[in-house]
Amino acid sequence: MFIQVINWRKGYVNRHFLCQLDICELDLFYLVDEQKLVIIGPEGLMYLYTLQGLDESPQCRIFHLPKILHLSLYNSQVRIHGHPSLHGKAARPGLMPSYVPSLESQIMVSEFLPEAEKAILVIDMVIFSDMALRPDMVVEIPWSDWGPQYAYYFPHHESYDISVFGSKMAYALPQDHVPNPGQRLEGLSSEGYFYVHIWDFNKRVIARSECVNDPDSPGLRICKPGRIIDSFGEDIVSNRAYIATVCRTPFPTAESRIFLEQDRLTVTRARNHEVNIQVISPIQTDVGSDIAE
């Protein structure tokens, strides 16, 4: 697999070898920012490439995924959701928003869809930041050295739609209350309804909210995914907290999609030659300096 680095102003192109993969699918690629690219390999490795310049080869660090996932990577579909942190000037004023989430307030969500035990892995993107990637860090990083501190593991079903913006994930689930830790829910019926859950993994917001957390609140709760030990005896998740908010309005499942933005959630439904669009304003949480102007 190769990557081409192009300088549009000077018309300069350089080609770099990345890695040898047995399969090549666009769903396995994720652009972190202008300099970093993530590739999930079928052998249970996550490659992080950092561009050093036009003439220098990209720096590579390899993150091991938990064993429970890479046993099924060869025969499963992987999807990656996120919101790349891209800075720069738009070609015309007004084409690009003035805010860009920093890596310290972003998540990347990977869906792993084997025939059984489907799951999502939510990764705190701070692990890819320059602060976390020290020059003396080893090239190959075992799961135990990064996963419990920077990742969350949740049971999943392929019928659940996902949309990510910054540190938040919108999640279409079949119930109007927060799942119990480790609970595996039934898939969505095409003739049924779903409820939108918004999970926020921003550590600063969570810290500010813990002092007012009400476990019995139907609207906003601080949750933990629970600890899961796989068949190898490996602790595959952390017990870090996240904020769960539920929109209690049911939406028809058939032909519906969700799209999360900074200050709103859009639900679209295309059926019988008609398109229905609903815009919802979720509960607001102040992210303060986590939004880069």
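What's counted below: heavy atoms across the whole structure, side chains too, no hydrogens, waters or symmetry copies. In this text the structure is predicted, and so the values were computed from the model without any measurement.
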When you group the ILVMFWY residues by side-chain heavy-atom contacts below 4.5 Å and let the links chain together, are [Y] and [X] in the same group?
X	Y	value
I198	I162	yes
L185	I258	yes
L45	I39	yes
Y153	V126	yes
F259	Y195	no

Looking only at heavy atoms, which two atoms of [X] and [Y] are closest? And how far apart?
X	Y	value
A172	Y160	O-CB, 3.3 Å
R240	Y152	O-CE2, 3.4 Å
S256	D161	O-OD2, 4.3 Å

[atom1]/[X] to [atom2]/[Y] distance, rounded to the nearest 0.5 angstrom?
X	Y	atom1	atom2	value
T249	F251	OG1	CZ	5.0 Å
K36	Y30	NZ	OH	12.5 Å
L260	S163	CG	OG	5.0 Å

Inset, instruction - Apply side-chain contact (heavy atoms from CB on, under 4.5 Å) to the pair M169 and I107, showing each step before the final yes or no. - result: CA-CA 8 Å; M169 177 180 77; I107 57 171; 4.0 Å; yes
Legend entry - Residue from D33, L37, L31 passing side chain to side chain contact (heavy atoms under 4.5 Å, CB included) with Q35: D33
Inset, instruction - Might you confirm whether atom CD of E186 has over 12 heavy atoms from other residues, nucleotides or ligands at distances under 6.0 Å? - result: no
Inset, instruction - Evaluate whether atom CZ of R257 has more than 12 neighbouring non-hydrogen atoms of other residues, nucleotides or ligands under 6.0 angstrom away. - result: no
Inset, instruction - Keeping the roles fixed (side chain from K168, backbone from V164), state whether a donor-acceptor pair exists under 3.5 Å. - result: no
